[in-house]
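Scroll down for the structure; my scribbles are underneath it.
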Amino acid sequence: MTDMTPSATPARERAAALLAPGTQLHGFTVERDEMIDELDADAYVMRHTSSGARLLYLACEDENKSFAIGFKTPPADDTGVFHILEHSVLNGSAKFPVKEPFVDLIKTSMQTFLNAMTYPDKTIYPVASTNEQDLLNLMDVYMDAVLNPAIYSKRAIFEQEGWHLELDEADAAEQASDTADDTPGLRYNGVVFNEMKGALSDPTDVLDNEIMRQLYPDTAYRFESGGNPRAIPTLTYENFLNTHARHYNLANSYIVLYGDMDADRVLAFLDDRYLSNNALAAARAFKREAGTLVENPGDPNPLELQAPVVCEYDSITMNTTPENAQVGMAYVLGHALDRKRVIAADVLFDALLGSNEAPVKKAILAAGLGGNVMSYTDAACLQPYELIVLQGAKPGVAREFRQVIEDECRRLVENGIPRDRLEAVLSSEEYALRQRDYGVADGVAITCDLLSTWLYDDDAATSALTYGPIYAELRRELDGPYFENLLRELVLESKHSALVDLIPHDADDQAEDPEAAELAALCASMSDADLKAVADNVAALRAVQEAEDTPEARATLPRLHVSDIGPARPEPALTLDTTSPLPCLKHDIPTHRLAYFMAYFDLTHVSYAELPYVSILARLMKQLGTTCRSASELDSYIGSNLGFLAFAPEVMAQPNWKLARPVMTVAAGALTEKIEHLASIPAEVWGKTVFDDIDRIREVLTQMRIGMEQGFITSGHQAALARAWSYVSPAGMVSESISGVDFYQFLRDLLDHFDERADDLVEKLRDLQARIFTSTDTVVSFTGTDEDYERFWNAAGSLGLEPRLAAAKELYVPMPQPKREAFIIPSDICYVAKAADPRAMGLAMDGSWSVAATVLSYDYLWNEIRVKGGAYGCGFRAVADRQLCFYTYRDPAIDPSIERIAGAGTWLSTFEPDPLSFEGFIVSSVASHDAPLKPYALTRRQNIEFFTKRPVNWRDELRDGMLATTPDKLRALGETISRVAEEAPLCVFGEREVIERSHAGLNAVDLLA
């Protein structure tokens, strides 16, 4: 008898023996199977007979297996009900009656992905793990959460995650001191409410929302699925429950399994616990017992096609800085199921707009209408569309923007689209498809992709995955007029498009903020009894939030044990080859017939004042021509022959905290059959780039500025952490000078005085190019097979590098100093950060700090700052022995979060976890440490460990320290963490009003001026 255990037989072979079409197994009928060559997988499409649930299993040899359940959820208004449901269902369920099983899983499982996502027409709940039992545990909690959530018995969940009213005690205190009126104000609070205030501080999000309203005025896509803060408070609890009942049912569901798993076991599990008639009857009884069963709730919201419509011009205003003026031009591409057309359109627009040398983008920039152009294809909807955005738009240029686009497209249709550009995009896509680096667990990304077709047609479960033949066909289409005809149809003959102008305004010049006016009117209409009811409701909510889960409730959660972790996976060894023309870090990592090359050029010979110029030099690489090729020729040449090529300065922290080693990193990837280009193209760019195109240099620097400003708004926590780190670390100061606030202010000043400084800038860039790109102290890295390694060096030689002859300058980094800065940005929320270097504080660290970071982030800080405070995110990081930091993300307040951070150490000092919960913290911490990496990410990590002088076994020692952590060890860290919270300097990015109301002694800086 053949042994069919997972360890004995490959996943695809086991699945083929079990799931032949027509097979009925555990209530499922296998409708069809299909080989998916693009994923080295076999797809099995099934339907659960009694429940109606759809299921797709992708059998492959990936140990990082995944599960997801999704629902079709087109919104019917702007209340964000599906976004609030996404958050809320993960706050306890019938089988797992704890407050936050989602957080418990983060704290206690071996998950490699655990989250949920709300799209404009669907909601997806994916999980991933390398351990099959862990995956079953995650499935159990997620299935019960979505089908039997505690929202039916606990209204507080809706109020916490969605919205509720609070008395604004800060306003009350101010009024009491200034006037005799001590009536408090009102404010809205809630996690999703605050998250969306942050999201809609991004001008591109606001523009995109308006574009969708104009493109799809008669369908669900006209609504903001995440929720508009102006509409969220109109959502009632009753409508919230009704919406769940109508949409979160199995007939409206899509289940995806991926990876190397025991399919028989998993299907039996789903049927027995959630899909069978008995399971469905038990779920109905749970809701009836809660007293909130929604009888005959009705059908799900419809998702319909939009008849073609043209918006000639629409404008919206937004309270943001003038630099954030934007114009969007969008074209609907067709139907999601017309895969060739959608993929071809994506290729086409990438060729026309994907770089500064792409013809349409080049024409727009040459017209001088704004600072930058970006574009993207949104294929995750029933009628995909292309959005072209002019950033930093000059006033009144919207119609001219459209005219430039269409004039250039007309020229290309008549004269032909350059085939080298189309070829470059197709080659880049081929590289990406082979690399399969999605940035998350493969099964999660694939699930999101496949629902971009399956959601709209039950017969299209795999349509989004079988793209290989389409790309082959598109290559053949290069010989004919296909792409020109497509461009004519999509742009010049479009009957479905929209032009939207986003116009900034100054809030000081406007009437009272609508939300503030609404709350003031509401407050004025309320009696003392009404206000007391608000206070009582918040007190009741706080009581629910602060109540501890009972031991009985905690015992319901499935848990892994340390014994389930197993030993650490052995990693391919890193070797330093000193026999090659340059010292080479050699990685023997399987790469799917790809090769990666990196070069690290030493920057310790560059002066501190020159570091901002190094960043500019890096950004200009690839953007300018070389002595061999024009900028346009180089752009196409790189795209056709490399998967990517990137230049960036970075800082390698050193064992001595007072030292920093900056390097210029050059990274590239290529198909192994193009390995000679992996050697020649980077060398051409770093050695032969010319800096004589002053207009292009200004253009690129303007794009840099715009990109940084968008980053401050959307990722303010990262900017705040980097800035806070610079107050205590010389390495942090170097980072700030090459990529942070210091660099931004340098860049802005350079652009403000560009004409008078341009010549000096060019000379500085030429000088740095000659001094940096030499063989002196340069180390390279290669990832690929031994054969590829030999071929690479045969083609590379010395990479055109000679020893440095110029005299070294002194990299003297000033000692860091705390500044307590608060950077004002156009946003409705704040980001708070504190950072410290444990070495500067004389602290010794081991793996127990990693466990402490997990405990604090997902227990104390989560409960205090997210659950009670309403911030969207928060955390504590312990980066090995070199960085400690606290942060908040999309936070409605500053001072309460600082106060809660200050209490972290005291809380840890009294931490008394039950044994199972504590073991879960160990499991989670070690699993995160062990999470599998893609070849390029592993290469990067090993190289960084080399340059930061980590001992060979440091990761094993860190892991051993995690496993040896005890509650006593964590409690012993409490006093030290209190010291860190007190001494770590503070930095804030956020809204002016909240900053000005803070009592934290902040020095306000109007960052974007």
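All residue numbers in this chain count up from 1 along the given sequence. We use all heavy atoms of the structure for the numbers below, so side chains are in, but hydrogens, waters and symmetry mates are not.
Between the side chains of Gln160 and Gln545, at least one donor N or O lies within less than 3.5 Å of an accepting N or O. Side-chain contact check for Ser88 and Asn91: no donor-acceptor pair (N or O, by modelled atom type) lies under 3.5 Å. With hydrogens and angles left out, the side-chain atoms of Thr854 and Ser924 include no donor and acceptor closer than 3.5 Å. A side-chain N or O of Asp208 and one of Tyr376 form a donor-acceptor pair less than 3.5 Å apart. Under 3.5 Å, the side chains of Tyr872 and Glu195 contain a donor-acceptor pair of N or O atoms.
Take Arg542 and apply the salt bridge (Lys or Arg N to Asp or Glu O under 4.0 Å) test, not counting sequence neighbours, and it matches Glu166. With sequence neighbours excluded, no residue forms a side chain to side chain donor-acceptor pair (under 3.5 Å) with Ser857. Listed by chain and residue number, Tyr860, Lys868, Arg900 satisfy the side chain to side chain contact (heavy atoms under 4.5 Å, CB included) test with Glu864 (two or more places apart in sequence, or in another chain). In this structure, the side chain to side chain donor-acceptor pair (under 3.5 Å) partners of Thr320, at least two apart in sequence or on a different chain, are Asn324. Residues that satisfy the side chain to side chain contact (heavy atoms under 4.5 Å, CB included) test with Ala128, not counting sequence neighbours, are Asn64, Ser66, Thr112, Phe113, Ala441, Val444. With sequence neighbours left out, the side chain to side chain contact (heavy atoms under 4.5 Å, CB included) criterion links Thr79 to Asp77, Val81, Thr234, Leu235. Taking Asp121 as the reference, nothing meets the salt bridge (Lys or Arg N to Asp or Glu O under 4.0 Å) condition, with sequence neighbours excluded. With sequence neighbours excluded, the residues that form a side chain to side chain contact (heavy atoms under 4.5 Å, CB included) with Ser93 are Phe96, Asp144. The ring-ring contact (aromatic ring centres under 6.0 Å, His included) check on Tyr142 picks up nothing, with sequence neighbours excluded. Listed by chain and residue number, Arg155 satisfy the salt bridge (Lys or Arg N to Asp or Glu O under 4.0 Å) test with Glu159 (two or more places apart in sequence, or in another chain). Remark: Glu821 engages Arg723 in a salt bridge (Lys or Arg N to Asp or Glu O under 4.0 Å) (not counting sequence neighbours).
For residues 711-721, there are no side-chain hydrogen bond (donor to acceptor under 3.5 Å, both in side chains) pairs, not counting sequence neighbours.
Ring geometry for Phe71 against Tyr248 counts as parallel: the plane angle stays under 30°, on a 0 to 90° scale with 60° as the upper cut.
Within the 4.5 Å cutoff, side-chain heavy atoms of Tyr274 are placed close to those of Asp140.
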